[in-house]
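If you're wondering where the values come from, they're calculated on a predicted model, not measured in any experiment.
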Amino acid sequence: MEISPREAEVLELVGAHLSNAEIAARLCISVRTVESHVSSLLRKLEVPNRRALAQRAPTPADVGPAPVLPTPLTSFIGRVSERAQLTGMTKTHRQVTAVGPGGVGKTRLALAVAAEVSGEYADGVWFVDLVPVTDPGLIATAVAGALGLGEQPGRDMTESVFAALADRHALLVLDNCEHVADGVALFLERLLATCPRVTVLATSRARLMVPFERVYPVPPLSLAVDGESDAVALFMERAAAVGWPLDPPLRDQVAAICERLDGMALAIELAAARYPMLGVDGITAALSHPLRMLTGGSRADDRHRSVRAALDWSHALLEPADRALLRRVSVFVAPFTAAAAAQVTGDEDEEGLVADGLARLAEQSLLTVTASLGRTEYRALETIRQYGMERLSEAGELINTRSRHLRWCLAQAADLAVVRQDWRARFDLVADDLRAALAWAANRPEQRVDAFELARCLAELTFTRHLTGESQRRYEQAAALATDPAASASMLRQAAAVAGCRTAGDDMYRLRRAAADAARTSGAAAAAAADLATAATIAFRFSTTFVRHPSQEEALQLITEAREQAGDDPAAQAAVALAEAAVLTDAFGAVQGPPGNAVPETRERAEHAVELARRTGDPLAESAALDALTGAQSWVGDTFAAAVTARRRIMLLSSLPISPAGTHELIDALGIVAEASLGAGDVQGARRWARQLADHPSLAEVGHRATCRLLMVAALAGDVDEVLTGSVRFLDAWRRAGSPARSILAPAAAGVAMIHGLRDDHDARRTWQEIMGRLGSSPEHTYGGYGAVFDAMLLLHNGQAPEALERMAPEPRQMWKWITWIWHHWYVALRSETAVLAESRNARDIVAEARTVVAGNPVAAAIVERAGALLDGDREALLATTDAFGTAGCRYQFARTLVLAGGDHAERGAAALAALGFAPMRPTGRRW
């Protein structure tokens with residue numbers, strides 16, 4: 001079959017070891033679309049998995065990944081020997097730092113070398129500009145942005161980057177490291193140890209002092225006595241570029257100018273830009289200006305002083321208004337518009353004049369100009385920006401200009417809170433300025449109020465941008481900046497909710513307890529009580545997300561404190577009631593919960609918690625209580641009531657605005673309703689909810705969490721394409737996340753293993769069984785829950801009915817919670833079929849009991865009726881069950897029924913199984 005152009009693009013990026021989310025970002029399509037293309041490629045190329053698919057991608061020699069490098073606006077001149085030396089170092093050393101003063105040409109040299117060697121790195125070359133980064137802790141965020149990565153909940157951005165680069169053969173160019181050198185050093189030490197095939201080329205004004213670093217001092221441009229030098233060639237080329245080519249007789253004078261500028265690339269470019277106005281004689285005279293040196297003192301070496309001289313000389317030639325404009329716009333760390341500059345410089349009513357001034361600065365090569373999103377943007381090169389900041393301070397304007405920049409950032413953040421079109425691009429344009437403004441304001445007591453507001457806004461914006469790690473840190477920063485303990489408590493609650501979205505249970509617990517302390521300080525005893533009770537609930541409700549599980553005794557102490565402070569406050573009382581249901585009667589089946597509990601009491605406490613939560617009018621509180629009731633109903637064995645309750649949660653949450661707490665609750669609710677619907681036999685509904693979960697934007701970077709329920713549903717329904725496609729995303733994301741041992745993922749792995757078994761793909765099945773073992777499945781689950789269900793289905797398919805009966809020998813009541821959750825009806829129904837096919841002596845009793853248990857479940861009831869028909873030899877009754885399987889969307893069970901019916905029906909069933917991608921069923925002991 002022919003591969004489409006888009007599929008070819010996807011195949012190439014699969015071969016470059018990009019994740020589905022990365023491919024989606026690169027091609028500007030949805031993750032779901034990428035999954036469809038990958039599934040199509042698996043079929044067309046007849047390969048079993050993503051690893052084999054990557055091997056079918058074009059080799060790097062044919063179509064290696066293009067280097068992700070910025071395109072220089074001007075040509076690169078000379079430096080033949082320097083390029084050769086630096087290229088050689090990158091080939092023999094894993095970490096090379098090109099060092100030199102500002103303006104010597106480190107960045108251009110690094111870009112030239114990176115472009116030259118890009119073909120030698122199978123996974124590409126990536127450029128990261130660290131100029132906008134003001135916080136050493138955000139190095140990984142900048143790298144992730146260049147790589148097109150999002151954050152993976154449950155791990156910080158640094159770990160996400162390391163996971164993405166772990167098996168990559170790539171060159172990473174880190175430009176302008178000097179101002180965040182400590183953060184870069186820490187990042188590189190871990191990167192080099194974790195990612196053995198990654199090479200780093202850094203530029204910095206000073207060495208980074210990391211192990212295995214090899215330093216390359218970038219020299220000035222070459223100066224030759226006869227004028228044939230890189231420095232002269234650069235001057236001549238730049239002068240010609242502005243329409244004023246120099247006559248050859250002037251080369252000696254140009255050489256003299258370059259020599260006075262010590263061959264510094266930036267200084268020479270600035271001088272060449274002045275040539276049309278001054279000529280060679282004028283430039284020579286200007287270089288003798290007494291203000292050409294700044295007060296760098298002995299701390300600045302001669303070369304750095306030469307750059308300062310050139311900048312000072314260029315600055316002195318500006319009109320006073322342009323000098324003021326240059327120094328004031330230096331507060332921007334990212335590209336800015338004329339309108340933004342007018343606001344920050346204090347010239348809001350003179351935007352036209354500001355635009356004219358910016359154009360003049362651009363003409364003098366002091367600003368660069370680009371067109372983005374249909375608007376003109378300006379940016380100062382970092383050396384010039386730092387120079388401007390020094391001038392701003394000398395002029396005594398630093399605080400006022402910084403304050404105006406802060407107010408501009410606050411306005412931008414407020415606008416982003418309501419804008420809808422191009423939101424992500426708009427945020428990315430100003431994010432670095434928001435961070436820089438916050439970094440300045442956070443350390444100034446007089447700016448604390450604005451700093452708090454900006455931290456709060458940035459927390460909300462980064463959450464929307466799915467930078468959940470930064471969002472949590474910003475909420476915590478806002479809590480520390482708040483002047484009101486009540487506001488601090490509110491920010492800590494939000495931070496806890498974000499931690500929940502990151503599946504960081506320990507942080508959720510810590511932050512809720514901190515919120516309780518802040519609320520108590522503010523005098524809000526009831527709010528503190530609610531926080532303490534919620535912390536206790538979190539410890540049990542989300543126990544699988546913890547590293548250190550709080551004990552039951554610790555949780556009980558929190559509940560006791562909460563009761564004492566709750567008073568008659570409805571919200572606090574509702575929170576205490578939910579905590580009691582969670583901790584005292586284990587409504588959520590926690591890791592550290594009691595081995596047994598009184599089911600009637602569990603249900604009674606959960607219903608009480610729901611009633612109190614409903615009275616508060618808070619949908620999130622009611623949803624959490626309904627979650628407890630869902631568990632209690634399951635432990636009782638009321639499968640249908642559990643499904644109804646789970647759907648009530650979705651109705652409550654579906655219309656809520658996006659927020660950390662709402663997102664966390666909705667993601668949990670979608671997972672629970674998918675499982676509960678499956679348990680009740682509503683396969684179509686389960687698939688719909690599971691699909692919503694898989695497509696949730698907050699889970700785009702964590703495909704294993706996004707797809708685990710969908711894989712489980714698809715496996716039970718026999719949807720091979722869905723399983724194969726989803727399992728590729730699952731496995732890729734799980735490995736990138738560091739292969740976490742999360743038992744919640746185990747049913748998905750078991751389902752995928754079963755599907756591969758039904759396809760007679762034994763190698764793939766063993767791979768997924770190994771994965772299931774690494775996920776930390778508990779014996780209760782594998783013995784009596786999903787493990788038994790999936791194993792029995794495969795054993796029955798292979799004609800091993802006695803082995804299936806042995807696998808399902810335990811009575812359902814022996815396994816209680818883990819079989820009475822979603823697997824109860826499936827277990828009971830399949831157990832009845834194994835008893836019949838294995839010709840068990842008490843098969844009739846088992847079938848009769850099963851009919852009573854699964855009544856009302858369309859799929860489980862059909863399996864039991866099919867077992868009864870086999871037992872009675874009633875082919876007509878057996879065939880009647882096909883309608884139920886077809887309506888439910890269980891294509892495997894539909895085809896299996898036809899095979900079991902024998903005769904011509906068996907041929908139709910075999911053909912249906914083959915069309916689904918399954919191997920033929922093997923004969924059982926009972927045949928027509």
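One finds the CD1 atom of I667 at 4.5 Å from the CG atom of L699 (value rounded to the nearest 0.5 Å). Remark: Q684 CD to S677 OG distance equals 11.5 Å, nearest 0.5 Å. Remark: L481 CG to L438 CG distance equals 7.0 Å, nearest 0.5 Å. The structure places CZ of R688 at 13.0 Å from CZ of R691, a figure rounded to the nearest 0.5 Å. Distance CG/L53 to CG/L41: 5.5 Å, rounded to 0.5 Å.
Contact check for L461 versus R474: no side-chain heavy atoms found under the 4.5 Å cut-off. Counting heavy atoms from C-beta on, the side chains of T767 and H756 never come closer than 4.5 Å. A heavy-atom distance below 4.5 Å is not found between the side chains of V34 and L13. Two residues are said to be in side-chain contact when any heavy atoms from C-beta on lie closer than 4.5 Å; L467 and M157 meet this criterion. With a 4.5 Å cut-off on side-chain heavy atoms, R435 and T141 count as touching. The closest side-chain heavy-atom distance from Q472 to F463 is not below 4.5 Å. Side-chain contact between T725 and V38: absent, with no pair of heavy atoms (C-beta onward) separated by less than 4.5 Å. Counting heavy atoms from C-beta on, the side chains of L416 and V430 come closer than 4.5 Å.
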**Asked** Are T503 and V702 close enough, and set up right, to give a side chain to side chain contact (heavy atoms under 4.5 Å, CB included), and what steps lead you there?
**Response** CA-CA 11 Å; T503 64; V702 281; over 6 Å; no
**Asked** Where do E7 and S40 land on the side-chain hydrogen bond (donor to acceptor under 3.5 Å, both in side chains) test, with the steps shown first?
**Response** CA-CA 8 Å; E7 288 174 340; S40 175; 2.7 Å; yes
**Request:** Please assess F427 against T464 for the test side chain to side chain contact (heavy atoms under 4.5 Å, CB included), listing each intermediate value before the final yes or no.
**Result:** CA-CA 10 Å; F427 170 79; T464 303; over 6 Å; no
**Request:** Apply the test salt bridge (charged side-chain N to carboxylate O under 4.0 Å, His left out) to residues R510 and D507: give CA-CA distance (whole Å), side-chain angles for both, the deciding distance (0.1 Å), then the verdict.
**Result:** CA-CA 5 Å; R510 168 182 63 83; D507 279 356; 3.4 Å; yes
**Request:** May I have the step-by-step check of salt bridge (charged side-chain N to carboxylate O under 4.0 Å, His left out) for R541 and D668, ending in yes or no?
**Result:** CA-CA 11 Å; R541 185 184 178 196; D668 179 76; 3.3 Å; yes
**Request:** List the steps, then state whether salt bridge (charged side-chain N to carboxylate O under 4.0 Å, His left out) holds for E453 with R456.
**Result:** CA-CA 5 Å; E453 182 62 19; R456 183 191 65 77; 2.4 Å; yes
**Item:** side chain to side chain contact (heavy atoms under 4.5 Å, CB included) between L511 and R513, worked out
**Value:** CA-CA 5 Å; L511 290 164; R513 296 196 64 172; over 6 Å; no
**Request:** Check the pair L429 / R375 against side chain to side chain contact (heavy atoms under 4.5 Å, CB included), numbers first and verdict last.
**Result:** CA-CA 12 Å; L429 285 173; R375 63 183 189 174; 3.0 Å; yes
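Counting only distance, with no hydrogens or angles, the side chain of S543 and the backbone of A539 share no donor-acceptor pair below 3.5 Å. Side-chain atoms of T337 come within 3.5 Å of backbone N or O of A340 as a donor-acceptor pair. Looking at D506, its side chain does come within 3.5 Å of a backbone N or O of V547 through a donor-acceptor pair.
Contact between L678 and A686 at its shortest, heavy atoms only, is N-CB, 3.7 Å. Nearest heavy-atom pair, A680 versus A643, reported as atom, atom and distance to 0.1 Å: CB-CB, 4.0 Å. Annotation for A646 and A676: closest pair CB-CB, 4.0 Å, computed over non-hydrogen atoms. L454 and A413 get closest at one heavy-atom pair: CD1-CB, 4.5 Å. The shortest non-hydrogen separation linking A750 to Y786 is CB-CD1, 3.8 Å. The two residues A575 and T534 make their nearest non-hydrogen contact at CB-OG1, 4.2 Å.
Judged as a side-chain hydrogen bond (donor to acceptor under 3.5 Å, both in side chains), and not counting sequence neighbours, R648 has no contacts.
The aromatic rings of H664 and F542 sit tilted relative to each other, their planes meeting at an angle between 30° and 60°. Using cut-offs of 30° and 60° on the angle between ring planes, the pair F546 and Y509 is perpendicular.
Residue pairs satisfying the ring-ring contact (aromatic ring centres under 6.0 Å, His included) criterion with at least one member in residues 487-506, sequence neighbours excluded, are absent.
The ring of W408 has its center no closer than 6.0 angstrom to the ring center of F336.
In this model, a donor atom of one side chain and an acceptor atom of the other lie less than 3.5 Å apart for E665 and S623.
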Expected list for residues 707-721: side-chain donor-acceptor pairs under 3.5 angstrom, two or more places apart:
from	atom 1	to	atom 2	distance (Å)
T707	OG1	G703	O	2.6
R709	NE	E675	OE2	2.9
D719	OD1	E722	N	3.3
D719	OD1	R891	NH2	3.3

